[in-house]
Asks: 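Attaching a single structure in structure tokens format; questions to follow.
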Amino acid sequence: MWTTLAHVSRFGIVIVRTDTDKPKHKGLTMFVVDMQGPGVEVRPLVQATGEAEFNEVYFTDVRVHDSERLGDIGEGWGVSLTTLMNERVSIGGQVHPQGSGIIALVRHIYEQHAEDAGGAARDEFAQLWIEAEVNRLTNIRASQSRKKGTPGPEGSVGKLAMALLNQRMMSFTMNVMGAEAMLYPAGYPMSRPATAMDLSSPQKAFIRVQANSIEGGTTHIMKNILGERVLGLPGEPRVDKDRPWSEVPRS
Ligand SMILES: Cc1cc2nc3c(=O)[nH]c(=O)nc-3n(C[C@H](O)[C@H](O)[C@H](O)COP(=O)(O)OP(=O)(O)OC[C@H]3O[C@@H](n4cnc5c(N)ncnc54)[C@H](O)[C@@H]3O)c2cc1C
């Protein structure tokens, strides 16, 4: 199991395969686990930025009382989807004030280099600003419509768009910085921050945003979700959909 910022959270949620005779999305059960309990070992995973925002967690003979179960036995996938949809909205669907967040960092760096960067960079910066604003306004609209209830598959829109835009914004920033972009001013000491996505230096932010298209579900998976569950396009072939998990070949 992986968990984000487990060193600052007392409790984690863990999904366990409780029935191997059911197909892969069935037979899973979700539990709340005391991260400081006996047999729970939290090992930091060091990222390319030098920071360990999240961890891999090992369980050795850990016992969890049934009262710590979240949802019904075998229904963990449904519970997990609820947490995943909320995670996606928290990654890509948050509404920030205009011009804040990553675009503020991009603007700050661009303005320092605007004279040397030339007209093409000005055009690119304007385009990025517009897209950041379009994302922000789309997120405002989406947040209004989900005021009640759990976010659905449409939460993947913001996650998909944010991941790709963040990567373009930080690539642009590195380009306008030139050789300075190769310096890593924060140094490389392993640290375990209390919050994710530290934007304190553009170089660190550039490396960190590469994970945006992986974490919380990859860009390809977001496209599958939107294609199938929002646009109603034909589904991907799924040969193991109805096959008992124990019979699915794996390495
Ligand atoms: C910074 C960071 C933080 C994370 N934090 C956590 C955390 O706190 N908790 C946690 O549990 N996990 C966490 N993860 C793990 C993350 O959720 C997974 O890495 C992610 O969901 C992708 O799964 P995978 O690595 O198994 O890749 P795979 O599923 O093996 O995918 C490999 C590649 O194949 C593509 N692919 C896979 N299936 C399909 C398909 N059906 N159609 C098209 N393309 C496909 C993917 O897009 C990807 O490019 C984190 C990852 C990162 C990078």
Side-chain angles (χ1 to χ4, degrees), residues 1-17 23-25 28-33 35 40-59 70 76-94 102 151 153 155-164 166-167 170 188 190-200 203-231 233-243 245 248-251:
M1 178 189 137
W2 290 13
T3 106
T4 305
L5 306 173
H7 56 293
V8 293
S9 326
R10 174 72 199 263
F11 296 100
I13 49 171
V14 57
I15 191 160
V16 179
R17 176 153 303 281
K24 61 179 180 178
H25 289 124
L28 296 164
T29 307
M30 186 85 103
F31 296 94
V32 176
V33 177
M35 302 300 287
V40 180
E41 189 193 348
V42 177
R43 296 186 197 162
L45 282 167
V46 184
Q47 296 156 246
T49 53
E51 293 183 333
E53 291 172 9
F54 58 100
N55 312 278
E56 52 185 350
V57 182
Y58 289 82
F59 299 93
L70 278 180
W77 180 245
V79 184
S80 172
L81 270 186
T82 306
T83 63
L84 281 171
M85 291 303 178
N86 279 290
E87 181 185 23
R88 280 162 199 164
V89 168
S90 79
I91 293 175
Q94 297 215 349
I102 292 195
S156 296
V157 174
K159 162 60 173 83
L160 173 67
M162 178 283 299
L164 301 177
N166 282 358
Q167 290 171 357
M170 289 319 303
Y188 223 71
M190 197 279 264
S191 62
R192 302 177 79 185
T195 55
M197 284 283 283
D198 174 14
L199 302 180
S200 59
Q203 293 91 336
K204 186 185 270 186
F206 168 73
I207 295 177
R208 180 60 182 80
V209 298
Q210 306 311 316
N212 288 165
S213 50
I214 304 172
E215 61 193 320
T218 68
T219 285
H220 308 119
I221 296 297
M222 295 306 107
K223 288 181 179 174
N224 282 354
I225 292 172
L226 291 168
E228 293 176 20
R229 298 187 51 202
V230 177
L231 301 177
L233 299 174
E236 293 274 303
R238 291 186 174 89
V239 290
D240 54 358
K241 188 168 178 282
D242 300 314
R243 205 166 166 185
W245 187 80
V248 176
R250 66 182 70 81
S251 55

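Note that the coordinates shown come from a computational prediction; the quantities given were computed from them, not determined experimentally. Indexing begins at 1, ligand by ligand and atom by atom, following the structure's order.
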Asks: Please give me the minimum heavy-atom distance between M190 and A52, naming the atom from each residue.
Replies: SD-CB, 3.9 Å
Asks: By number and element, which atoms of ligand 1 are closer than 4.0 Å to a non-hydrogen atom of G216?
Replies: 17 (O)
Asks: Give yes or no for whether the N/O distance cutoff of 3.5 Å, strictly under, is met between Q47 and ligand 1.
Replies: no
Asks: Can you find an N/O atom of E215 closer than 3.5 Å to an N/O atom of ligand 1?
Replies: no
Asks: On a heavy-atom basis, which atom in I225 and which in S156 lie closest, and how many Å separate them?
Replies: CG2-OG, 3.7 Å
Asks: Donor-acceptor pair, Q210 side chain versus Q167 backbone, under 3.5 Å?
Replies: no
Asks: May I ask you to list the atoms of ligand 1 that are less than 4.0 angstrom from any heavy atom of I221?
Replies: 38 (N), 39 (C), 40 (C), 41 (N)
Asks: Check T219 against ligand 1 and report side chain, backbone, both or neither, counting heavy atoms closer than 4.0 Å.
Replies: neither
Asks: Contact between N55 and L45 at the side-chain level, heavy atoms closer than 4.5 Å - yes or no?
Replies: no
Asks: Which option wins on minimum heavy-atom distance to atom 53 (C) of ligand 1: S80, G12, A211?
Replies: A211
Asks: Taking only heavy atoms of N224, which atoms of ligand 1 are found under 4.0 Å from at least one of them?
Replies: 40 (C), 41 (N), 42 (N), 43 (C)
Asks: Taking the side chain from K24 and the backbone from R243, do they hold a donor-acceptor pair closer than 3.5 Å?
Replies: no
Asks: If you measure only the distance, is there a donor-acceptor pair under 3.5 Å linking the side chains of N166 and R208?
Replies: no
Asks: Compare M197, E51, R208, H220 and give the one whose heavy atom is closest to atom 45 (C) of ligand 1.
Replies: H220
Asks: Which heavy-atom pair separates M35 from V40 by the least distance, and what is that distance?
Replies: O-CG1, 3.5 Å
Asks: Would you check whether E236 has a nitrogen or oxygen atom less than 3.5 angstrom from a nitrogen or oxygen atom of ligand 1?
Replies: no
